[in-house]
Amino acid sequence: MPPGPRLGDRTMNKTPSAPTRGQLELRGAYDQTAADYTVEQRWESYGAGEHDIWRTLFTRQRALLERYAAPEVLAGLTALGVDANRIPRFTAVNALLQPLTGWRIVAVPGLIPEEHFFAHLAARSFPVSVWIRKPHELDYLSEPDLFHDFFGHVPLLANPVFARFMQAYGVAGQKAQAHAAVPLLARVYWYTVEFGLLVTAGGLRAYGAGILSSKGETVYAVESPEPNRVAFDLERVMRTDYRIDTFQRMYFAIDSFEQLFEAGYGTDFGPLYDRIGNASGIAPEVLLPTDRVITRGTVRPAAG
Ligand code: HBI
Ligand code: FE
């Protein structure tokens, strides 16, 4: 995939549809995978340079969490005993994570096909890429690496409510495949798990992994006057397009992790998918009269 405009330090580009080898130039090693796309982490084979990258990124992002992240993120990082100086050993993390929420992390070569991704989530296993970015890629990467997957996603798996949502999302994903509705559900993942904001007594905080693994977007998502910020509404989110090549123009904010279950996860989204259909989505720059607007951004839709 072409890297696209380098606006700031986006750390990942997620493909909205099944990532398959060939379609994207994925750099992971896919020749050693098991049937479920897992591999061995082989922690001993990380070199000092790779641990250095981890330390640099971890230290930089960790310093932003108190001001910009949902408090549950820091709580998760602490509960899982994550060390600033070493790439985490997945077996050691699992020994702490599994008793808390029943989740475990599994090593994968990188993006995996969506049916396997959903199956892992439904089984409370979160795929984490084994490779870490190179020194010249600290600020921008077009596919998820170990830092994005781990630092961005894993801390909240220690939170029981969020952990339950992730599992429900996996089950919903499997059902959405049968409805050919994965693109609609993927928008929910994008605007929550990847780029979600949380309203707290102390103001807006980030909990999405795409935000938290990016230094620039962490500050931008919470403080910039540019993007729109709207109260989360499941159907509104399913109707909204997203950008993978720049900082977001729209963020949706929840009031609590419990709210992620609003409109019935675990129930059947079939009627909702049918109602929304596959008409083109609402541009992220657009606000609707029905939106509960938190901040009106300075971005405007492109003319025409
Ligand atoms: N694979 N490793 C990995 N990580 C992801 O976030 C991921 C994936 N495969 C598919 C996918 N995401 C998305 O297509 C779904 O969330 C819709
Ligand atoms: Fe991610």
Side-chain angles (χ1 to χ4, degrees), residues 1 12-24 26 36-37 108 110-127 143-144 149 153 156 161-197 207-210 228 230-245 248-254 257-288 290-291:
M1 174 188 276
M12 71 165 296
N13 271 343
K14 168 130 44 158
T15 51
S17 59
T20 51
R21 281 202 307 153
Q23 188 186 349
L24 278 172
L26 295 177
D36 64 357
Y37 273 82
V108 291
L111 287 170
I112 64 176
E114 67 191 16
E115 66 267 35
H116 292 276
F117 184 69
F118 292 141
H120 277 295
L121 299 186
R124 299 196 170 226
S125 89
F126 191 83
E143 41 176 325
D149 285 341
H153 289 285
L156 284 180
V161 179
F162 191 84
R164 195 160 56 85
F165 167 70
M166 285 292 274
Q167 198 242 341
Y169 179 86
V171 175
Q174 293 175 312
K175 291 184 189 161
Q177 288 191 301
H179 269 90
V182 171
L184 299 185
L185 192 69
R187 287 170 175 162
V188 179
Y189 193 87
W190 188 265
Y191 282 117
T192 60
V193 177
E194 295 292 352
F195 292 98
L197 296 179
Y207 70 90
N228 295 311
V230 168
F232 178 85
D233 174 86
L234 186 72
E235 184 166 343
R236 170 67 162 98
V237 169
M238 280 191 190
R239 291 183 186 276
T240 309
D241 279 335
Y242 57 83
R243 300 276 305 246
I244 64 169
D245 57 340
Q248 303 303 301
R249 272 87 157 105
M250 169 69 92
Y251 296 94
F252 289 97
I254 55 174
F257 290 127
E258 281 83 1
Q259 194 194 351
L260 292 170
F261 294 95
E262 202 177 76
Y265 257 88
T267 67
D268 187 6
F269 284 160
L272 185 54
Y273 295 146
D274 291 342
R275 185 160 77 236
I276 297 173
N278 54 12
S280 70
I282 302 163
E285 294 84 0
V286 170
L287 290 171
L288 303 180
T290 44
D291 287 341

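Model, not experiment: these values are computed from the prediction. Basis for what follows: all heavy atoms, side chains included, without hydrogens, waters or symmetry-related copies.
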Please confirm whether the ring centroid of F257 lies under 6.0 Å from the ring centroid of F165. no
The side-chain contact (heavy atoms from CB on, under 4.5 Å) partners of A253 (sequence neighbours excluded) come to L197, V199, L204, I294
Closest heavy-atom pair, A176 versus L185, reported as atoms and distance to 0.1 Å, is CB-CD2, 4.1 Å
For the residue pair A119 and Q174, what are the closest heavy atoms and their distance? CA-NE2, 3.5 Å
Check whether any side-chain heavy atom of L288 lies under 4.5 Å from a side-chain heavy atom of D291, and answer yes or no. yes
Using the ring-ring contact (aromatic ring centres under 6.0 Å, His included) criterion, which residues pair with Y37? Sequence neighbours excluded. H116
Can you name the ring-ring contact (aromatic ring centres under 6.0 Å, His included) partners of F232, sequence neighbours left out? none
The test is side chain to side chain contact (heavy atoms under 4.5 Å, CB included); show your working for V161 and F261 and say whether it passes. CA-CA 10 Å; V161 179; F261 294 95; 4.0 Å; yes
Identify, with sequence neighbours excluded, every residue that meets side-chain contact (heavy atoms from CB on, under 4.5 Å) alongside A123. none
Closest non-hydrogen atom pair, Y273 against A172: OH-O, 4.4 Å
Report yes if some heavy atom in the side chain of L121 is under 4.5 Å from a heavy atom in the side chain of F126; otherwise report no. yes
Looking at residues at least two apart in the chain, or sitting in another chain, which of them share a side-chain contact (heavy atoms from CB on, under 4.5 Å) with H120? D36, T38, V106, I112, S125, P127
Value rounded to 0.5 Å, distance of CG in L184 from CD1 in I276: 5.5 Å
Audit row: R124, M166, side chain to side chain contact (heavy atoms under 4.5 Å, CB included) steps and yes/no: CA-CA 8 Å; R124 299 196 170 226; M166 285 292 274; over 6 Å; no
Contacts of R239 that satisfy salt bridge (Lys or Arg N to Asp or Glu O under 4.0 Å) - sequence neighbours left out: E235
Should I282 and R236 be marked as a side chain to side chain contact (heavy atoms under 4.5 Å, CB included) after you check the CA-CA gap, both sets of side-chain angles, and the distance that decides it? CA-CA 9 Å; I282 302 163; R236 170 67 162 98; 3.9 Å; yes
Residues passing the salt bridge (Lys or Arg N to Asp or Glu O under 4.0 Å) test with D149, sequence neighbours excluded, are none
side-chain contact (heavy atoms from CB on, under 4.5 Å) involving Q177 - partner list, sequence neighbours excluded: E114, E115, F118, V182
Geometric class of the Y242/Y191 ring pair [parallel <30°, tilted 30-60°, perpendicular >60°]: perpendicular
With a 4.5 Å heavy-atom cut-off, do Q248 and E194 have their side chains touching? no
Looking at every non-hydrogen atom in both residues, tell me the closest pair between Q259 and I254 and how far apart they are. OE1-CA, 3.2 Å
If I compare all heavy atoms of P284 with all of M250, which pair ends up nearest, and what's the gap? O-CB, 3.3 Å
Heavy-atom distance under 4.5 Å between the side chains of V188 and M238, does that happen here? yes
Y207: side chain to side chain donor-acceptor pair (under 3.5 Å) partners, not counting sequence neighbours: none
Can you name the residues that form a salt bridge (Lys or Arg N to Asp or Glu O under 4.0 Å) with R164, not counting sequence neighbours? none
d(T192 OG1, Y251 OH) to nearest 0.5 Å is 14.0 Å
Restricting to side chain to side chain donor-acceptor pair (under 3.5 Å), what partner residues turn up for D233, sequence neighbours left out? none
Test side chain to side chain contact (heavy atoms under 4.5 Å, CB included) on H179 and F269 and set out the steps. CA-CA 9 Å; H179 269 90; F269 284 160; over 6 Å; no
Any residue meeting side chain to side chain donor-acceptor pair (under 3.5 Å) with D241, in chain and number order, not counting sequence neighbours: R187
Check: F117 and L111 side chains under 4.5 Å, non-hydrogen atoms: no
